**Q** 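Sending over a structure as structure tokens; questions will come in a sec.
This structure is a prediction, so every number in the text was calculated from the model and none was measured.
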Amino acid sequence: MQDSAHYTTLIDDAFDTIHRFDPTAKTVGPSVIDFEWFYTLYYNHLAKDRFDVANALLYVDRVREPENEQHGFDTEAKIRLFKAIAPEKPLWITEVNWPLKNQGAYKPTSNKEAVSEAHYRDYMARYLVMALSDGYVDRVYWWQLLAKGYGLIDHLDLRRRPAFRAFGTLVKTLEGSVPEGKSREGGLYDYRFAKGDKRFHVFWTRDGRSRPIAGAFRCIDLNGTVVPTRKTSPTPIICEEKP
């Protein structure tokens, strides 16, 4: 009871102070890390109407691939649950990444969660597509641009990792689009988006085997390079429907 009273006092004081200086400022919370949905629910309840935007630091590196389940919830199901907690508010994912292997003290977690740069790229792309596929999430903030242990760029030598180019390709291709559906038939993940009169599919698989893609498409890889292949792998490809 004492802890809840302290939290409520903190939130009230912070909210009042912020709005005293800027009445138009938006507050974001409750900022619970990982999939601890019960704490998100609890602190959101204590804060009452003090948060303008609901958020989560939705890391899923504990289960490695973003499609994997944790307590019966994959990434998309986790997002649906968070949205249900505060359905009237925008939902932001304000922090997410995977830690990288062989980074020594710069790696923020244990070796169990660490992945290669190639897996980091693939998981990031798949996570972003999944997170935005239902329209429940308004923003995703990747943590972070510059960091040796988990960034898109190594902050010591400024080397751009494969995920940097992939992030740019996703933004350039899909920014301004709206989700139009998805399927996971036969192990082929197919996420569909519309941007104006263009229709895009993001395809991938998970088991290391390729799957054929039926239809007339112009496809690019995560580097933005046109690829002739009509087969998929765990590395997503982005395919535009031909008229």
**Q** Within the distance-only criterion (no hydrogens, no angle test), does the side chain of Lys83 pair as donor or acceptor with the backbone N or O of Lys89 below 3.5 angstrom?
**A**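 Yes, because the side chain of Lys83 sits within donor-acceptor range (under 3.5 Å) of the backbone of Lys89.
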**Q** Show the nearest heavy-atom pair for residues Asp52 and Lys26, with the distance to one decimal.
**A**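 Closest pair (atom of Asp52, atom of Lys26, distance): OD2-CA, 3.3 Å.
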**Q** Given side chain to side chain contact (heavy atoms under 4.5 Å, CB included), test Ile11 with Phe51 step by step and report yes or no.
**A** CA-CA 9 Å; Ile11 293 300; Phe51 298 133; 4.0 Å; yes
**Q** May I ask whether Val140 and Leu81 are part of the same hydrophobic cluster, defined by side-chain heavy atoms of I, L, V, M, F, W, Y residues being less than 4.5 angstrom apart, directly or through others?
**A**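 Yes, same cluster.
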**Q** Report the C-alpha distance between Tyr43 and Leu46 in whole Å, list the side-chain angles of each, state the deciding distance to 0.1 Å, and finish with yes or no for side chain to side chain contact (heavy atoms under 4.5 Å, CB included).
**A** CA-CA 5 Å; Tyr43 288 116; Leu46 290 181; 4.1 Å; yes
**Q** Do Phe193 and Val137 belong to the same hydrophobic cluster, where Ile, Leu, Val, Met, Phe, Trp and Tyr are linked whenever their side-chain heavy atoms lie under 4.5 Å apart, directly or via other members?
**A**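 Phe193 clusters together with Val137.
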**Q** Evaluate the side-chain proximity of Gln144 to Tyr150: yes if any heavy-atom separation is below 4.5 Å, no if none is.
**A**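 Of all side-chain heavy-atom pairs linking Gln144 with Tyr150, at least one is under 4.5 Å.
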**Q** Is a donor on one side and an acceptor on the other found under 3.5 Å between the side chain of Asn55 and the backbone of Thr94?
**A**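 The answer is no, because no donor-acceptor pair under 3.5 Å joins these two groups.
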**Q** Might you work through the side chain to side chain contact (heavy atoms under 4.5 Å, CB included) test for His19 and Thr27, ending with a clear yes or no?
**A** CA-CA 9 Å; His19 284 263; Thr27 53; 4.3 Å; yes
**Q** Report the residue from Lys148, Arg160, Arg161, Lys101 that forms a salt bridge (Lys or Arg N to Asp or Glu O under 4.0 Å) with Glu117.
**A**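 Between Glu117 and the candidates, salt bridge (Lys or Arg N to Asp or Glu O under 4.0 Å) is satisfied uniquely by Arg161.
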**Q** Any sub-3.5 Å donor-acceptor pair from Thr169's side-chain atoms to Leu222's backbone N or O?
**A**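 Such a contact is found between Thr169 side chain and Leu222 backbone.
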**Q** Under 3.5 Å, is there a donor-acceptor pair between the side chain of Arg209 and the main chain of Arg206?
**A**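 Checking the backbone N and O of Arg206 against the side chain of Arg209, no donor-acceptor pair under 3.5 Å is found.
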**Q** Does any part of the side chain of Pro234, heavy atoms only, come nearer than 4.5 Å to the side chain of Thr205, both counted from C-beta?
**A**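 Side-chain contact under 4.5 Å: yes.
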**Q** If we ignore hydrogens and angles and just use 3.5 Å, is the side chain of Thr75 paired with the main-chain N or O of Pro66 as donor and acceptor?
**A**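 Here the side-chain-to-backbone pair exists.
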**Q** Please answer whether the main-chain N or O of Arg159 pairs with a side-chain N or O of Asp157 as donor and acceptor at a distance below 3.5 Å.
**A**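 Judged by distance alone, yes, a pair lies under 3.5 Å.
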**Q** Taking side-chain hydrogen bond (donor to acceptor under 3.5 Å, both in side chains) as the test, write out the residues that go with Tyr106, two or more places apart.
**A**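 For Tyr106 there are no side-chain hydrogen bond (donor to acceptor under 3.5 Å, both in side chains) partners, ignoring immediate neighbours.
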**Q** Please report the shortest heavy-atom distance between Trp143 and Asn97, naming the atom on each side.
**A**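 Smallest heavy-atom distance, with atoms named: O-ND2, 2.5 Å.
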**Q** For Pro108 and Gly149, work out which heavy atoms get closest and say how close.
**A**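 Scanning both residues completely, I find the closest heavy atoms to be CD-O, 4.2 Å.
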**Q** Does NZ or CZ of Lys78 come closer than 6.0 Å to the centre of the six-membered ring of Phe35, within 45° of the ring's axis?
**A**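 Lys78 over Phe35 ring: yes.
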**Q** Are any of the side-chain heavy atoms of Ile153 and Leu145 separated by less than 4.5 Å?
**A**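 They are in side-chain contact.
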**Q** Test Tyr123 against every option in Trp142, Trp204, Trp98 by the ring pair (Phe, Tyr, Trp, His ring centres under 6.0 Å) rule and name the one that passes.
**A**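 Testing each of Trp142, Trp204, Trp98 against Tyr123, the sole residue satisfying ring pair (Phe, Tyr, Trp, His ring centres under 6.0 Å) is Trp98.
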**Q** Is any side-chain heavy atom of Ile79 closer than 4.5 Å to one of Ile93?
**A**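 SC-SC contact between Ile93 and Ile79 confirmed.
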**Q** Is a salt bridge present between Glu65 and Arg126, judged by a nitrogen-to-oxygen distance below 4.0 Å?
**A**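 Salt bridge: yes.
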**Q** Give a yes or no on whether the backbone of Ser110 and the side-chain of Glu113 come within a donor-acceptor separation of less than 3.5 Å.
**A**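 Present.
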**Q** Determine, for Asp74 against Arg184, whether the closest basic-nitrogen to carboxylate-oxygen distance falls under 4.0 angstrom.
**A**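 Yes, charged N to carboxylate O under 4.0 Å.
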**Q** Provide the closest heavy-atom pair for Met130 versus Glu67 in the form atom of the first, atom of the second, distance.
**A**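 Residues Met130 and Glu67, closest heavy atoms: SD-CG, 3.9 Å.
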**Q** The test is side chain to side chain contact (heavy atoms under 4.5 Å, CB included); show your working for Leu132 and Leu174 and say whether it passes.
**A** CA-CA 10 Å; Leu132 299 172; Leu174 299 179; over 6 Å; no
**Q** Could you check Glu241, Glu240, Glu180 and say which one makes a side-chain hydrogen bond (donor to acceptor under 3.5 Å, both in side chains) with Arg199?
**A**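 Going through the options one by one, the only one that passes is Glu180.
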**Q** Considering non-hydrogen atoms only, spot the tightest contact between Arg211 and Gly186 and give its length.
**A**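 Smallest interatomic distance, heavy atoms only, reads NE-O, 2.7 Å.
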**Q** Please report the shortest heavy-atom distance between Thr173 and Phe200, naming the atom on each side.
**A**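 Where Thr173 meets Phe200 most closely, the heavy atoms are CG2-CE2, 3.7 Å.
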**Q** Main chain of Ser183, side chain of Asp190: is a donor-acceptor contact present, judged purely on distance under 3.5 Å?
**A**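 Side chain of Asp190 to backbone of Ser183: no pair is present.
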**Q** Hey, mind stepping through Thr235 and Arg121 against side chain to side chain donor-acceptor pair (under 3.5 Å) and telling me if it holds?
**A** CA-CA 8 Å; Thr235 303; Arg121 173 202 61 208; 3.3 Å; yes
**Q** If you apply the rule ring-ring contact (aromatic ring centres under 6.0 Å, His included), what do you find for Phe203 with His201, and how did you get there?
**A** CA-CA 6 Å; Phe203 294 108; His201 297 243; 5.3 Å; yes
**Q** Counting N and O atoms only, with roles assigned by atom type, does the side chain of Asp138 sit under 3.5 Å from a partner on the main chain of Trp92, one being a donor and the other an acceptor?
**A**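 Not a single qualifying donor-acceptor pair exists.
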**Q** Applying a strict under-4.5 Å side-chain criterion to I, L, V, M, F, W and Y, I'd like to know whether Tyr120 and Leu146 cluster together.
**A**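 Same hydrophobic cluster.
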**Q** Could you tell me whether Lys182 and Glu76 make a salt bridge, using a distance below 4.0 angstrom between a side-chain N and a carboxylate O?
**A**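 Here Lys182 pairs with Glu76 in a salt bridge, since their nearest N and O are under 4.0 Å apart.
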**Q** Are Val28 and Leu57 connected into the same hydrophobic cluster when the rule is that any two of I, L, V, M, F, W, Y join if their side-chain heavy atoms are below 4.5 Å apart?
**A**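 No, Leu57 and Val28 fall in different hydrophobic clusters.
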**Q** Could you check whether any side-chain N or O of Thr17 sits under 3.5 Å from a backbone N or O of Asp13, counting only pairs where one atom can act as donor and the other as acceptor?
**A**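 Answer holds: yes.
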**Q** If you measure from CZ on Phe82 to CG on Leu58, what distance do you get to the nearest 0.5 Å?
**A**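 Nearest 0.5 Å value for the CZ-CG distance: 5.5 Å.
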